[in-house]
Each structure stands twice: as C-alpha cells, then as structure tokens.
Number of protein chains: 2
Amino acid sequence: MATLKYSRQRESIREFVMNSREHPTADTVYAGIKAEFPNISLGTVYRNLSLLVDLGEIAKITTGDGPDRFDCNTKPHSHFICTQCHNITDIEASEFDCMKEKVAESFDGKITGHMTTFYGICKECLEAKKIKKTS
Amino acid sequence: MATLKYSRQRESIREFVMNSREHPTADTVYAGIKAEFPNISLGTVYRNLSLLVDLGEIAKITTGDGPDRFDCNTKPHSHFICTQCHNITDIEASEFDCMKEKVAESFDGKITGHMTTFYGICKECLEAKKIKKTS
DNA sequence: ATACATGCAAATAGTTTGCAAGAAG
DNA sequence: CTTCTTGCAAACTATTTGCATGTAT
C-alpha cells in the first residue's frame, strides 16, 4: 500500500480547497495555485484532489452538468446548484442528517455515503432576470 | 419553438426506457434498439433521451462515476448506487418526499428539483466478496 | 413545401494514465 | 537508493454538434 510522501503541491492544493468557500472545480484549483507553482499540471491537481477525497479530507460534489466540484466541508449537508450561474450553496437541513441511518435500516446492503442535491435558480439569478424583464 | 414531430426511433427509445427496470445508460438503450433500427446512431439516442427528459417523461440520474442513467420513474424517490457493480436500486423513503418543500421554506431561490443518491455495496456484491474470502 | 429528425463523423469537455525525470524518506 | 510524486502529453469516456439527407405534417 502506497505510503504517502510529502509534496508542496499537495499541501497547496489542500490549503486552497480548505480556504475556499466557492466549491472549486479542479480547474479553479489549478488556476488558483498557478501563481505559486507556475509549472504545475492539471494532472497533478486531479491526482491530488482525488487522493484528498480518498483520505476523507475533502469531499467531491458531482454536479450532473459541468465539472465536479470540491468541498472542504466533509460533514453531512446538502447542496443547492443554480442551473443558470452554476454556483453552489450549502444547505443545512439537520432534520435530514439521519437519512443514511434511516434508510440503512431497511436496506440489504452496506451504505457508505449519500448526497442530496437541489437544483433551481438562485436568488441572484432570479433578481437579474427581473431586471432584464423590466429593461 | 420547435413543434415535436413523430419519429419511430423516439418511440422505440421511450418504450425501451419505460419497460426497463435497470436504469439504462444511453449506450444500453442504443444496444437495446439496434435490432429494430440497425442504422440508428448514438447521437440520435442522446438527442431523444434528453428530449424526453425535458418533456418530463423520463428522468436522468447522474451517477458521479460512469455514464448518466435514465429512469422511467419520474415520481420522487432516491437511488442506491453500488460502487462495485454499478447497479442502481430504487429507494422509497416517503418520509423524505417532503424534502424539497421543507428546504424551500427557508431558501431564497427557486427550487425546481432535487436528487438523493446513496452509495455503497449492494447485497449481491457483499455476498460475492464473502465467497472470495473463503475460497 | 416546410420544418423537424436522422445518421454520420468530427468536435468537445472532463478526467485519467504512461512515462521519464525529480524530490522525499 | 528506493519509492512516491511531478509535468507533460497522449489517451480515454461520455456527450454534443454541424451538416447533408430523410421523413412527418
């Protein structure tokens, strides 16, 4: 089993995601650390992001349209994805945190994780539309 | 606005998904109707599947690994995806059907849909593993 | 006739991988 | 010195698109 070795690139990638509130894509991370590592490659970013996901330090959000996003918050919560601007907002709905346990009771397999995503139009895009309509 | 015109291919694609309990991929649909339409192209299958999704006749399931899947069941329900065999099982958890409404109350945007996916190892794969261990 | 749909092939997006060279333990 | 990691480029998977031709209305 591969023993992990320190790398400055990986630390930078972790830092970037940890300090990000925007649920960055691999590309955003890549762009964000390019100043510090001008020669870094997208491949390295992808490799390290999925490594950090495997380690449980960050989480991967599958959007269903567009690239995957990464989340520094690994605690149970849901996401709202705006189908117009593609921004992702955290949704805390503690009454549903027990979902996994609840469903596990009556399911004949091993449930390791779950993910709830809401789709729609965010407040900002609704307002932007209203402006367009009146103009 | 494009007025829909009848096509035998589209009907066949709809039929196939409607009679499918396996949440087929575009490729599976393609393979499944190739006997009837030997010259059909994948592009046509993709075009019609997304058309049917837009019409609300079928639903698209984003898996997060591997290709999208399609579902004849458009009523609110969740899915379990086995990370090993990639089979998808429907999960009916009516206590969570109100999720959308509940979350909408305290959210400043328009929520149009939501999707909950559970990940893990299905019963069959768990049993298969057990056999391997003892052999 | 007109407009939508098809088949084909090429293009695109996102991500993964092989490999030689570089850095960590 | 051995193993892990990197950068680069090529490969790959899933999906979309342009275009000439075919089909429905």
Side-chain angles (χ1 to χ4, degrees), chain A residues 1-17 23-55 57-71 81 83 86 88 117, chain B residues 1-17 23-55 57-71 81 83 86 88 117:
Chain A
M1 234 154 262
T3 7
L4 221 43
K5 232 165 233 187
Y6 173 87
S7 105
R8 302 197 303 125
Q9 288 89 331
R10 187 185 304 136
E11 277 319 300
S12 178
I13 290 167
R14 169 199 277 124
E15 279 299 293
F16 187 92
V17 176
H23 308 90
T25 64
D27 230 59
T28 309
V29 176
Y30 174 66
I33 63 177
K34 198 133 195 208
E36 194 182 351
F37 298 95
N39 296 327
I40 200 168
S41 80
L42 248 184
T44 299
V45 173
Y46 274 105
R47 266 189 289 240
N48 280 301
L49 284 172
S50 74
L51 188 55
L52 292 168
V53 169
D54 289 347
L55 294 173
E57 301 196 26
I58 64 177
K60 184 165 84 166
I61 308 169
T62 295
T63 63
D65 96 316
D68 288 345
R69 315 275 292 246
F70 297 88
D71 196 341
I81 304 185
T83 52
H86 302 279
I88 299 188
T117 310
Chain B
M1 230 152 267
T3 7
L4 219 44
K5 231 164 233 186
Y6 173 87
S7 105
R8 302 198 302 124
Q9 287 88 333
R10 187 186 304 133
E11 277 319 300
S12 177
I13 289 167
R14 170 198 277 121
E15 279 298 293
F16 186 91
V17 176
H23 308 91
T25 64
D27 230 61
T28 309
V29 176
Y30 174 67
I33 62 178
K34 200 134 193 207
E36 194 181 352
F37 298 95
N39 296 328
I40 200 169
S41 81
L42 246 184
T44 298
V45 173
Y46 273 106
R47 266 188 289 240
N48 280 300
L49 284 172
S50 75
L51 188 56
L52 293 168
V53 169
D54 289 348
L55 294 173
E57 302 196 25
I58 64 176
K60 184 165 84 164
I61 308 169
T62 295
T63 63
D65 97 316
D68 288 345
R69 315 274 292 245
F70 297 87
D71 196 341
I81 304 184
T83 51
H86 301 278
I88 298 188
T117 311

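All values below come from the heavy atoms of this structure, side chains included, with hydrogens, waters and symmetry mates left out. Proteins come first, then strands; the chains are lettered A, B, ... in the order of their sequence lines, and each starts at number 1.
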Between atom CG in A:Asp27 and atom C1' in C:dG14, what is the gap in whole Å? 9 Å

Does B:Thr63 use its side chain to pair, donor to acceptor, with the backbone of B:Asp65 at less than 3.5 Å? yes

Quickly work out the A:Tyr30 OH to C:dA13 P distance and round it to whole Å. 16 Å

A:Leu55 CG to D:dC4 P, straight-line distance once rounded to whole Å: 14 Å

OP1 or OP2 of D:dC4 less than 4.0 angstrom from a side-chain nitrogen or oxygen of A:Thr3, does that happen here? yes

Specify the residue among B:Ala26 and A:Asn48 whose closest nucleotide of DNA chain D lies further upstream toward the 5′ end. A:Asn48

Is the distance from OP1 or OP2 of C:dT16 to the nearest side-chain N or O of A:Tyr46 less than 4.0 Å? no

Residues 23-51 of chain B vs ring pair (Phe, Tyr, Trp, His ring centres under 6.0 Å), sequence neighbours excluded, gives B:His23-B:His79

Between D:dT16 (C1') and B:Arg47 (CZ): distance, integer Å: 9 Å

Could you tell me whether the phosphate oxygens of D:dT5, OP1 or OP2, come under 4.0 Å of any side-chain nitrogen or oxygen in A:Thr44? no

Assuming nearest nucleotide by heavy-atom distance, tell me which of A:Arg8 and B:Arg10 is located more 5' along DNA chain C. B:Arg10

Could you check which residues of residues 32-41 of chain A get a heavy atom under 4.0 Å from DNA chain D? Sort them by number, please. A:Asn39, A:Ile40, A:Ser41

Please report the distance, rounded to the nearest Å, between NE2 in A:His86 and C1' in C:dG14. 15 Å

Contact under 4.0 Å: B:Gln9 side-chain N or O vs C:dG7 OP1/OP2: yes

Apply side-chain contact (heavy atoms from CB on, under 4.5 Å) to A:Thr62 and A:Thr117, showing your working. CA-CA 9 Å; A:Thr62 295; A:Thr117 310; over 6 Å; no

Quick one: on DNA chain D, does B:Arg69 or A:Ile13 contact a more 5' nucleotide (nearest heavy atom)? A:Ile13

If you go through the side-chain atoms of B:Lys5, does one of them form a donor-acceptor pair with the base of C:dA5 closer than 3.5 Å? no

Atom pair distance, as rounded to whole Å: CD1 in A:Ile61 and C1' in C:dG14: 17 Å

Provide, to the nearest angstrom, the distance between the CD atom belonging to A:Glu11 and the P atom belonging to C:dA24. 12 Å

Exam field: side chain A:Arg10 to backbone A:Arg47, donor-acceptor pair closer than 3.5 Å: no

Tell me: CG of A:Asp65 to C1' of C:dT15, nearest whole Å? 16 Å

d(B:Arg69 CZ, B:Ile88 CD1) to nearest 0.5 Å is 4.0 Å

Does the side-chain contact (heavy atoms from CB on, under 4.5 Å) test come out yes or no for A:Leu4 and A:Leu55, once each step is laid out? CA-CA 11 Å; A:Leu4 221 43; A:Leu55 294 173; 3.8 Å; yes

One pair to check against salt bridge (Lys or Arg N to Asp or Glu O under 4.0 Å): B:Arg8 and B:Glu11. What are the steps and the verdict? CA-CA 5 Å; B:Arg8 302 198 302 124; B:Glu11 277 319 300; over 6 Å; no

